[in-house]
Number of protein chains: 2
Amino acid sequence: MSLRIALLGTLASKGPASGYELAKTFDDVINQVWQAKHSQIYPELAKMVESGAVTVEETGGGRGRKVYTITEAGRTEIDAWVAHPEPHRAVRNETALRAFLLPLLPPDRAAATMRGLAERHAALLDDLLKDRAAIEARGASGEPPFGGYALDLGIRTFTVLRDWARETAEDLERRAAENGGKGR
Amino acid sequence: MSLRIALLGTLASKGPASGYELAKTFDDVINQVWQAKHSQIYPELAKMVESGAVTVEETGGGRGRKVYTITEAGRTEIDAWVAHPEPHRAVRNETALRAFLLPLLPPDRAAATMRGLAERHAALLDDLLKDRAAIEARGASGEPPFGGYALDLGIRTFTVLRDWARETAEDLERRAAENGGKGR
DNA sequence: CATAACATGTAACTGGTTACATGATTGG
DNA sequence: CCAATCATGTAACCAGTTACATGTTATG
């Protein structure tokens, strides 16, 4: 379902596009939020044509390029989906699972793992902060920035992840020091 | 892969259990972090027996109860997985996708959506805070709490989500007021 | 004896990934 | 003419969900 919405949203915000172009977009912009391979996108586009959410037009270009345009019905679908978040989606979070199982490692190894995680999250956070700085530098301020709310959410999320990993590492190091590295 | 680790982790921390009991555990404790239905658990246990990560023992009890015990090989697997987080897992985040598409809604509807989201996250956060309070009340303090790091991460995450939704709603409301509810 | 809780499994389907397959156009 | 890029599709497979199917033991 969400892939469908992500595709419709891209068509709504960027205008008509081919499957190839949509796949490219999923490699950069939306990548922080959702991704899909072309092998999933092409069949999905076919389904959307069938249900009337988009229309196709065949044009020239390598091996029969097809351009898809969102319809009013498609826009209505996005609207309904964005405005009506379902109550409680299944959580399947590898970082949280790692956090859960952390006490199964000896504290010093667990601490080292968290140090590494903190560093990686710090690096990802830096990337996002640079993205935002670049957008702010060239964009006229005051605009309702497309993707801006998602970027903000990403920055906040990585900040929390970095700090949590850092402080968990400190806690584990304190415990390791207290009882001389006993674990499990 | 992660389901396998989640099962091994549960067996490591809680001791031998049947598939039925593991399915129950996935309904409560680990539920915040990972979940699985019995229809996925039973085949996975069979695979783990085959690869030597666990051993089975058939006992009495409704329709041939089978009890699974983790082996040293299984413990090694957990250890390796927890300590070696892979660089960059695929992100597929419905909340972030919604955030991304928010500017496609008229600002007043977008703001209302974010208000609702903030409320739901606030409620989930309250639940987790109560969980932690209950654990702290009855548990001897100073213990390395099993699942405690994951709980901490959950609390921080929902706090960020609540605040982000709240502040995004405020931003959208300000914009809606400024230009009289024009959108899209 | 009926019902709830215990207990294990299979089948059909959806969503997503990896790999396979093909062909057109553009630039060096 | 060769390589890169544009461009679209299919097949096999893995993970996860829903629904189907079956049988046991304890309790009122």
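Throughout, protein chains are lettered first and strands after them, A, B, ... in sequence-line order, and every chain is numbered starting at 1. Here the structure is a predicted model, which means the values were calculated and not measured. Computation of the quantities below employed the complete heavy-atom set of this structure, encompassing side-chain atoms and omitting hydrogens, waters and symmetry-equivalent molecules.
Phosphate contact (OP1/OP2 of C:dG15, side-chain N/O of A:Gln40, threshold under 4.0 Å): absent. Of the side-chain N and O atoms in A:Tyr20, one or more sit less than 4.0 angstrom from OP1 or OP2 of D:dC6. Under 4.0 angstrom from either OP1 or OP2 of D:dA15 there lies no side-chain N or O belonging to B:Arg92.
The residue among B:Pro43 and A:Ser2 whose nearest nucleotide of DNA chain C lies closer to the 5′ end is B:Pro43.
For the pair B:Ile41 CD1 and D:dA15 C1', the interatomic distance rounds to 13 Å; values are reported in whole Å. Here the C1' atom of nucleotide D:dT17 and the NE2 atom of B:His38 are 11 Å apart, to the nearest Å. Here the P atom of nucleotide D:dC13 and the NZ atom of B:Lys47 are 14 Å apart, to the nearest Å. At whole-Å resolution of the value, CG in B:Asn93 and C1' in C:dG15 are 17 Å apart. In this structure, the CG atom of A:Leu7 is 13 Å from the P atom of D:dT8, given to the nearest Å. Spacing between atom CZ of A:Arg4 and atom P of C:dG15 amounts to 10 Å, rounded to whole angstrom units. Summarising the geometry, the separation between OH on B:Tyr42 and P on D:dT17 is reported as 16 Å, rounded to the nearest angstrom. Regarding A:Lys37, its NZ atom lies at a distance of 18 Å from the P atom of D:dT10, rounded to whole Å.
B:Ser39 comes within 4.0 angstrom of a base, heavy atoms only.
Which of D:dT8, D:dC6, C:dG16 sits closest to the side chain of A:Ser18 comes down to D:dT8. Taking every side-chain heavy atom of B:Trp34 into account, D:dG16 is the closest of C:dA5, D:dG16, D:dC6. Comparing D:dA15, C:dG9, C:dT18 by their closest approach to the side chain of B:Lys66 singles out C:dG9. Residue B:Arg65 places its side chain closer to C:dA7 than to any other of D:dT8, D:dA19, C:dA7.
Between the side chain of A:Glu21 and the backbone N or O of A:Ser18 there is at least one donor-acceptor pair closer than 3.5 Å. B:Asn31 places a side-chain N or O within 3.5 Å of a backbone atom of B:Phe26 that can act as its donor or acceptor partner. At least one donor-acceptor pair under 3.5 Å links the side chain of B:Arg98 to the backbone N or O of A:Trp81.
Inspection of the B:Ser51 and B:Arg4 side chains reveals an N or O donor paired with an N or O acceptor under 3.5 Å.
Summarising the geometry, atom CD belonging to B:Glu167 is positioned 12.0 Å from atom OH belonging to A:Tyr149; distances are rounded to the nearest 0.5 Å.
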